[in-house]
Amino acid sequence: MSGGGHPPFLVVGHLSKAHGTKGELYIWPLTDYPGSHFIPGAVHLPAGEDGKSPSPRLAALTIESVRPYRKGFLARFAGVDDRTAADNLRGRYLLRPFDTIDELAEDEIFYHELLGATVVTREGSALGTVKEVYPVRPSHLLEVTGPAGDMLLPLSRRVVVEFDRERRRVVADPPEGLLP
């Protein structure tokens, strides 16, 4: 797979809050593969204000220890030894260089590939463009903005029947009553 249309960094998690007094942070995972990102030794780059590129002021963070906690993880990073240091990182997104991300299985799609993609029905009618992806369960939702208004489409195999990576096009087969 060519890396042509990919950003240099991918967001894999969000540092939601400090936990306890010894520098642990709660990570909300924003990846389908938390097991390959939230492990001891994994290096993360705290995002800058834009949330998409590394902060020029903050050093890379290496996970020293990590454990599952609620729906995310509690992690200790090297050099983050107390609550004050942890609080300084709170609210930051965690980035990893795209070239460290595992290759996708054939039917997988990265969020950034969906944003701005054109959405059409099987018949070729334009529904709009993908404005946002919401990582909710049981199925992620695509917010689509189009001529008929905004709609939410489940990102499931039954509804999103094809993704054309080259043309940045989502082919959807929405069930009766879902379209505005």
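In this chain, residues are counted from 1 in sequence order.
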Review point. Under 4.0 Å between a Lys/Arg side-chain N and an Asp/Glu carboxylate O for Glu49 and Arg92?
Key: yes

Point to revise | Test side-chain contact (heavy atoms from CB on, under 4.5 Å) applied to His44 and His37, step by step | key: CA-CA 8 Å; His44 295 265; His37 297 290; 4.1 Å; yes

Check your understanding: Got Phe163 and Glu113 here, is their nearest side-chain heavy-atom distance under 4.5 Å?
Key -> yes

Review point. Where do Leu61 and Val43 land on the side-chain contact (heavy atoms from CB on, under 4.5 Å) test, with the steps shown first?
Key: CA-CA 6 Å; Leu61 298 169; Val43 178; over 6 Å; no

Revision key, fill the gap. Smallest heavy-atom separation, Ala18 atom then Ala86 atom, equals CB-CB, 3.8 Å

Exercise for review: Please tell me if the side chains of Val171 and Val161 come closer than 4.5 Å, counting only heavy atoms from C-beta onward.
Suggested key: yes

Check your understanding: Hey, is CZ on Phe38 packed in by over 12 heavy atoms from elsewhere, all under 6.0 Å?
Key -> yes

Study note, to complete from the structure: Separation between CG (Leu127) and CG (Leu142), nearest 0.5 Å, reads 11.0 Å

Check your understanding: Should the pair Glu24-Lys17 be classified as a salt bridge under the 4.0 Å nitrogen-to-oxygen rule?
Key -> no

Point to revise | Intermediate values then yes/no, side-chain contact (heavy atoms from CB on, under 4.5 Å), Leu94 and Leu15 | key: CA-CA 7 Å; Leu94 290 176; Leu15 296 173; 3.8 Å; yes

Point to revise | Residues Glu143 and Lys131 bridged, charged N to O under 4.0 Å | key: yes

Check your understanding: After noting the C-alpha distance and the side-chain angles of Tyr26 and Lys71, does the key distance pass the side-chain contact (heavy atoms from CB on, under 4.5 Å) rule?
Key -> CA-CA 10 Å; Tyr26 178 72; Lys71 292 185 177 176; 4.3 Å; yes

